There are 2 protein chains.
Amino acid sequence: MYREFVDINEALKFLKESIDLKRVTVIIAPCTVEYYGRGSSSLSLGERVILIKQDGALLIHRPTGYQPVNWQPATSSIEVKSGRGVIEITAVRNDPREVLVAKLSPPIKVLSCKLIDSAGFTKYLDESEVRDIILEHPEVLEDGLRIVEKEKVVGGLSVDLFGYDKNGNPVLIEVKRVRADREAVLQLFKYVEEYKKSSGVKPRGILVAPERSRGALELLKELGLEFKKVDLRKLWRLKAEEVEGGSRSILEFSRK
Amino acid sequence: MYREFVDINEALKFLKESIDLKRVTVIIAPCTVEYYGRGSSSLSLGERVILIKQDGALLIHRPTGYQPVNWQPATSSIEVKSGRGVIEITAVRNDPREVLVAKLSPPIKVLSCKLIDSAGFTKYLDESEVRDIILEHPEVLEDGLRIVEKEKVVGGLSVDLFGYDKNGNPVLIEVKRVRADREAVLQLFKYVEEYKKSSGVKPRGILVAPERSRGALELLKELGLEFKKVDLRKLWRLKAEEVEGGSRSILEFSRK
DNA sequence: TATTATATCTCGGGT
DNA sequence: ACCCGAGGTATAATA
């Protein structure tokens, strides 16, 4: 249902109903926005897209860019009122306490729909999938490597993969599916330290990723850690062979 | 301008025009979405909001939640075509190479507007602001602390604040405006290590934040680092006194 | 261009 | 409720 308003009170009535009935509400109107909570911001008058979702999530988008300029997550409660020639939308969230106030002026365009969407969303190639492929194919890292546990808890933290090399040394493995940077190295270092502390034995630490930054390389050296480059496409092909026709999408991707 | 389409070709014509003229285009329609690039995903049929912005940013939102289920940043080029009873929107981005294909079926609702928004956006209380207040008021951390540099470069990294304590020991300070976790401690640790390496002297490392996680506390102890809790409101009040009426918004916030 | 660090990050999973 | 880690993170600053 689409409506366009110049009259504030008519707009108010329609917006209230749309939000109360938990419809997806898309508004295009000139507005100002104030926010305070974890941070604080002020946005002066301009035309924006305001998207209010069925669970109360609210996003305010300027005409460009990926990110909303202001927003409130789904936990917030939304109130609409009118006064002084504007519509005031107040979205409040507790824990953390955050308040967002948008003041809309005419012309106010509103598109309001109940959306039906229970479809499945499948994501391939996330980190856990890469990890599981390595778990099944430790030979891609090195010969004789035996992986005995995934998400092994070491000092309250969980290491992606844990096992022993051909000489029986414990090995901690941190897997990244994107270029590994200093942060990734530090994460591995933390696991190695925890393991050393709790077992008394210094393990090998291997960072596994398709690439690494220059800084990561230096830090690896400094901290006595190792790096093993993996080709994600090859890993996916290994997996695709396993499922053998079970997942055409993965096969398709691996050809790209 | 709002239109609703059952006929594919009419919808195609309108959408093409809207996107070519670089209007903000809001579409509500049943659709499927395929994506591959850094990752890969598949979303089956359901009703969604598709937002195409004036710079080519594209977001596909399901009826709930803050995040878009699929998207393409502003760097992408967008093509629209029709066939087999659907409208196909293809958004391609290079570097990294990523492809998103959305297939829309009727009824297709489209709201198309050129938005004018050159307004200023002001953000208060970001990390750099907190850092600068501490720079001006080192006494909030400890007596006799002398801060001599901000964003000091140590081994290619830049430390938030650098100075000397009353005994002349070098001090590296990492500032967080949210609860500090293990990541923050590791970041500070990295600076301390770099400083030690390049100067041969072990500096004190102080993590400054309004709160810290339990894990952060443990890691601080292990790595021989310190923590100093700060009250953000007090800091802002210090700043507000300085500017003395210059920024009412900050004062307002500090009362909240 | 590559790297680093921030974000009102959000979100999910675990304890 | 807290904590941790992933994300197709995006985005800005910096070298």
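Since this is a predicted model, take the numbers as computed values, not measurements. Letters A, B, ... are given to chains in the order of the sequence lines, protein chains preceding strands, and every chain is numbered from 1.
For the pair A:L59 CG and C:dT8 P, the computed distance is 14 Å after rounding to whole Å. Put simply, CG on A:N94 is 11 Å from P on D:dA1, counting in whole angstrom units. Here the C1' atom of nucleotide C:dT8 and the CG atom of A:L58 are 13 Å apart, to the nearest Å.
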Run A:K176 and A:E174 through salt bridge (Lys or Arg N to Asp or Glu O under 4.0 Å) and show every step you take.
CA-CA 7 Å; A:K176 290 287 165 203; A:E174 169 67 18; 3.4 Å; yes

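For A:F162 and A:Y195, the gap between ring centers is short of 6.0 Å.
No more than 12 heavy atoms of other residues, nucleotides or ligands shown are found within 6.0 angstrom of NZ on B:K103. Counted within 6.0 Å of CD on A:E151, heavy atoms from surrounding residues, nucleotides or ligands total more than 12; the atom is thus considered enclosed.
Within the structure, side-chain hydrogen bond (donor to acceptor under 3.5 Å, both in side chains) contacts touching residues 211-220 of chain B (residues at least two apart or in different chains) are B:R179-B:E211.
Looking only at atom types and distance, the side chain of A:T64 has no donor-acceptor partner in the side chain of B:Q54 under 3.5 Å away. Side chains of A:Y36 and A:E98: a donor-acceptor N/O pair is absent below 3.5 angstrom, by distance only.
At a non-hydrogen distance threshold of 4.0 Å, B:S213, B:R214, B:G215 from residues 210-228 of chain B come into contact with DNA chain D.
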Nucleotides 5-15 of chain D: protein proximity per nucleotide (B base, S sugar-phosphate only, - neither; heavy atom, under 4.0 Å):
SSSBSSS----

